[in-house]
Amino acid sequence: MFKLRSITSLLLVLFLNGCAAIFNGSSQEVTVRSHDPKAKIFINGAYKGEGDIITIFRKKKNYNITVQGSNDKCKSVTILATKSFDPTTLLGVFLDFGIVSIFVVDGLSGAWQQFDQTNYVIDANCPT
């Protein structure tokens with residue numbers, strides 16, 4: 001009985017986690033910097049700080065990063081945080097032929113993708 005429970009528990013852990021989610025997680029830490037220490041940084045319109053921030057991006061969401069200069073003459077700059085396929089996802093083929101690990105777990109958590117950059121240096125467009 002104990003062996004059956006142990007084997008069942010092990011199989012549940014394996015099948016309820018996708019490879020990309022296990023190895024790389026469903027979020028990434030992202031750093032945004034500006035050369036202007038007083039520049040305001042916004043993520044999806046929400047103010048996050050000035051000059052230099054560290055935040056967490058969930059892989060299943062999309063993010064816009066906006067940097068607003070410290071002076072009124074500066075125009076804010078907005079960029080989209082781009083994503084691409086995470087090849088670690090394909091390891092799920094060895095677990096369960098990818099049926100649950102890739103299509104369900106990695107698919108629902110967004111772990112099948114990764115942000116192309118985790119460090120950004122963005123400056124507002126200021127006249128010189």
Side-chain angles (χ1 to χ4, degrees):
M1 188 67 157
F2 177 73
K3 286 183 181 182
L4 181 60
R5 276 192 229 176
S6 298
I7 291 171
T8 303
S9 297
L10 179 64
L11 288 174
L12 280 174
V13 167
L14 287 175
F15 288 119
L16 293 179
N17 288 303
C19 285
I22 291 171
F23 292 112
N24 298 327
S26 59
S27 62
Q28 283 180 270
E29 185 177 87
V30 175
T31 303
V32 181
R33 294 184 173 100
S34 176
H35 289 106
D36 179 358
K38 293 187 180 186
K40 294 178 180 160
I41 300 172
F42 299 85
I43 306 295
N44 287 349
Y47 176 74
K48 294 294 182 177
E50 292 184 357
D52 188 5
I53 67 159
I54 298 174
T55 189
I56 300 294
F57 282 5
R58 300 266 169 230
K59 291 181 179 180
K60 68 180 182 178
K61 291 182 70 180
N62 294 315
Y63 293 92
N64 286 315
I65 304 166
T66 301
V67 175
Q68 188 178 58
S70 59
N71 108 34
D72 293 340
K73 295 178 185 175
C74 297
K75 293 182 181 178
S76 60
V77 173
T78 301
I79 64 165
L80 174 67
T82 58
K83 296 183 264 188
S84 59
F85 178 73
D86 183 353
T88 309
T89 302
L90 297 176
L91 292 174
V93 171
F94 297 113
L95 281 179
D96 61 352
F97 301 107
I99 296 168
V100 174
S101 62
I102 293 175
F103 294 113
V104 177
V105 178
D106 287 344
L108 292 176
S109 70
W112 64 272
Q113 53 195 346
Q114 61 189 355
F115 288 97
D116 295 328
Q117 283 183 253
T118 56
N119 294 300
Y120 293 88
V121 178
I122 307 168
D123 290 314
N125 190 359
C126 299
T128 53

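For this chain, numbers begin at 1 and follow the sequence in order. Small disclaimer: the values here were computed from a predicted structure and weren't measured.
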About how many Å separate [atom2] of [Y] and [atom1] of [X], when rounded to the nearest 0.5 Å?
X	Y	atom1	atom2	value
Lys40	Ser34	NZ	OG	12.5 Å
Lys59	Ser26	NZ	OG	7.5 Å
Asp52	Ile41	CG	CD1	6.5 Å
Thr55	Glu29	OG1	CD	9.0 Å

What closest approach, in Å, do [X] and [Y] show between heavy atoms, and which atom pair accounts for it?
X	Y	value
Glu50	Ile53	N-CG2, 4.4 Å
Lys83	Lys61	NZ-O, 2.8 Å
Thr66	Ser76	CG2-CB, 4.0 Å
Val77	Asp123	CG2-O, 3.4 Å
Asn119	Gln117	O-NE2, 3.0 Å

Is a donor on one side and an acceptor on the other found under 3.5 Å between the side chain of [X] and the backbone of [Y]?
X	Y	result
Gln28	Phe115	yes
Asn44	Asn64	yes
Asn125	Lys75	no

Just wondering, do Ile65 and Phe57 contact through their side chains at under 4.5 Å, heavy atoms?
-> yes
Please report the C-alpha distance between Cys74 and Gln68 in whole Å, then the side-chain angles of each, then the deciding distance to 0.1 Å, and finally whether the side chain to side chain contact (heavy atoms under 4.5 Å, CB included) criterion is met.
-> CA-CA 7 Å; Cys74 297; Gln68 188 178 58; over 6 Å; no
Go through the side-chain N and O atoms of Thr82 and Asp116 and say whether any donor and acceptor fall under 3.5 Å apart.
-> yes
Evaluate the ring planes of Tyr47 and Phe42, with Trp represented by its six-membered ring, and classify them as parallel (under 30°), tilted (30 to 60°) or perpendicular (over 60°).
->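 Because their plane-to-plane angle is over 60°, the rings of Tyr47 and Phe42 count as perpendicular.
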Identify whether Ile43 and Ile54 are in the same connected component of the hydrophobic contact network (ILVMFWY, side-chain heavy atoms under 4.5 Å).
-> no
